[in-house]
Amino acid sequence: MPRPGRVTRSLPAQEPAGWSRFYAVVRRIPRGQVATYGQVAALAGRPGNARQAGYALHALGEHTTVPWHRVVNAQGRLSLARRGPEAGFEQRFRLEREGVVFDARGRVPLKRFRWKGSRARKR
DNA sequence: ATGCTGACTATGT
DNA sequence: TACATAGCCAGCA
């Protein structure tokens, strides 16, 4: 039991509270399927916070178990590509390895691979 | 507290 | 289809 009055908030704190909600949702995305940032935010109980979803994923780092590559933007494109062609390339590689197919313009056909997730968690 | 930034989205041209 | 704008909101300096 932490002493009252003393805020032991000085932990690594590399993951701001609340972001774990996004991670929890991303972890539920089935292999071979994708979800949009807006979708993740909504399922995390934070509708309209698509940007935060992306921000949270950006903070993950390279050594993570969260399937960040299964999250794409509303257009089916890899927003990660903005950060650099390499990052986008890796995401595409991972998705293709899971069976996700890209169209001629390098986008994921959401009609086909979009995960139909639902909250179904705690009421 | 204030202002800037961004792995976003919806809408208009 | 592609680019520009506006709305959005949490994190950070």
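Chain letters run A, B, ... following the sequence lines, proteins first, then strands; residues in each count from 1. Reckoned from all heavy atoms, side chains included, excluding hydrogens, waters and symmetry mates. Everything numeric in this text was worked out from a predicted model, so none of it was measured.
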Worksheet item: What is the nucleic acid contact for A:Arg77, judged by heavy atoms within less than 4.0 Å: base, sugar-phosphate only, or nothing?
Response: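 No contact.
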Discussion item. Is A:Trp19 close enough to C:dA10 that one of its side-chain N or O atoms is under 4.0 Å from OP1 or OP2 there?
Written reply: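 Checking C:dA10 against A:Trp19, no side-chain N or O comes under 4.0 Å of OP1 or OP2.
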Tell me: [atom1] of [X] to [atom2] of [N], nearest whole Å?
X        : N      : atom1 : atom2 : result
A:Asn73  : C:dA2  : CG    : P     : 13 Å
A:Gln75  : C:dA4  : CD    : C1'   : 13 Å
A:Arg70  : B:dA7  : CZ    : C1'   : 17 Å
A:Leu57  : B:dC8  : CG    : P     : 10 Å
A:Arg105 : C:dC3  : CZ    : C1'   : 15 Å
A:Glu86  : B:dA7  : CD    : P     : 16 Å
A:Tyr23  : C:dA10 : OH    : C1'   : 13 Å
A:Tyr55  : C:dA13 : OH    : C1'   : 11 Å

Worksheet item: Among C:dC12, B:dT9, B:dC8, which nucleotide sits nearest the side chain of A:Thr36?
Response: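 Ranking C:dC12, B:dT9, B:dC8 by closest atom to the A:Thr36 side chain puts B:dT9 first.
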Worksheet item: Which pair of heavy atoms, one from A:Ala50 and one from A:Ala41, lies closest together, and at what distance?
Response: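 Shortest heavy-atom contact: N-CB, 3.8 Å.
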Worksheet item: At their closest point, which heavy atom of A:Ala56 faces which heavy atom of A:Phe22, and how far apart are they?
Response: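 Minimum heavy-atom contact is CB-CD1, 3.9 Å.
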Worksheet item: So if you build clusters from Ile, Leu, Val, Met, Phe, Trp, Tyr with side-chain heavy-atom gaps below 4.5 Å, do A:Val26 and A:Leu80 land together?
Response: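 Same cluster: A:Val26 reaches A:Leu80 through Ile, Leu, Val, Met, Phe, Trp or Tyr contacts under 4.5 Å.
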Worksheet item: Within the side chain of A:Arg21, is there an N or O that forms a donor-acceptor pair under 3.5 Å with the backbone of A:Ala44?
Response: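 Here the side-chain-to-backbone pair exists.
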Item to complete: Spell out, as yes or no, whether a donor-acceptor pair under 3.5 Å connects the side chain of A:Tyr55 to the backbone of A:Trp19.
Response: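 Not confirmed, A:Tyr55 side chain does not pair with A:Trp19 backbone.
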Distance-only check: which donor-acceptor pairs under 3.5 Å involve side-chain atoms of residues 29-36 of chain A, not counting sequence neighbours?
residue : atom : partner : partner atom : Å
A:Thr36 : OG1  : A:Gln39 : N            : 3.1

Fill in: Electrostatic pair A:Arg94-A:Glu90, nearest N-O below 4.0 angstrom
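Counted as a salt bridge, because a side-chain N and a carboxylate O are separated by less than 4.0 Å.
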Worksheet item: Which residues within residues 37-53 of chain A lie with some heavy atom under 4.0 Å of an atom in DNA chain C?
Response: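 Heavy-atom contacts with DNA chain C come from A:Asn49, A:Arg51, A:Gln52.
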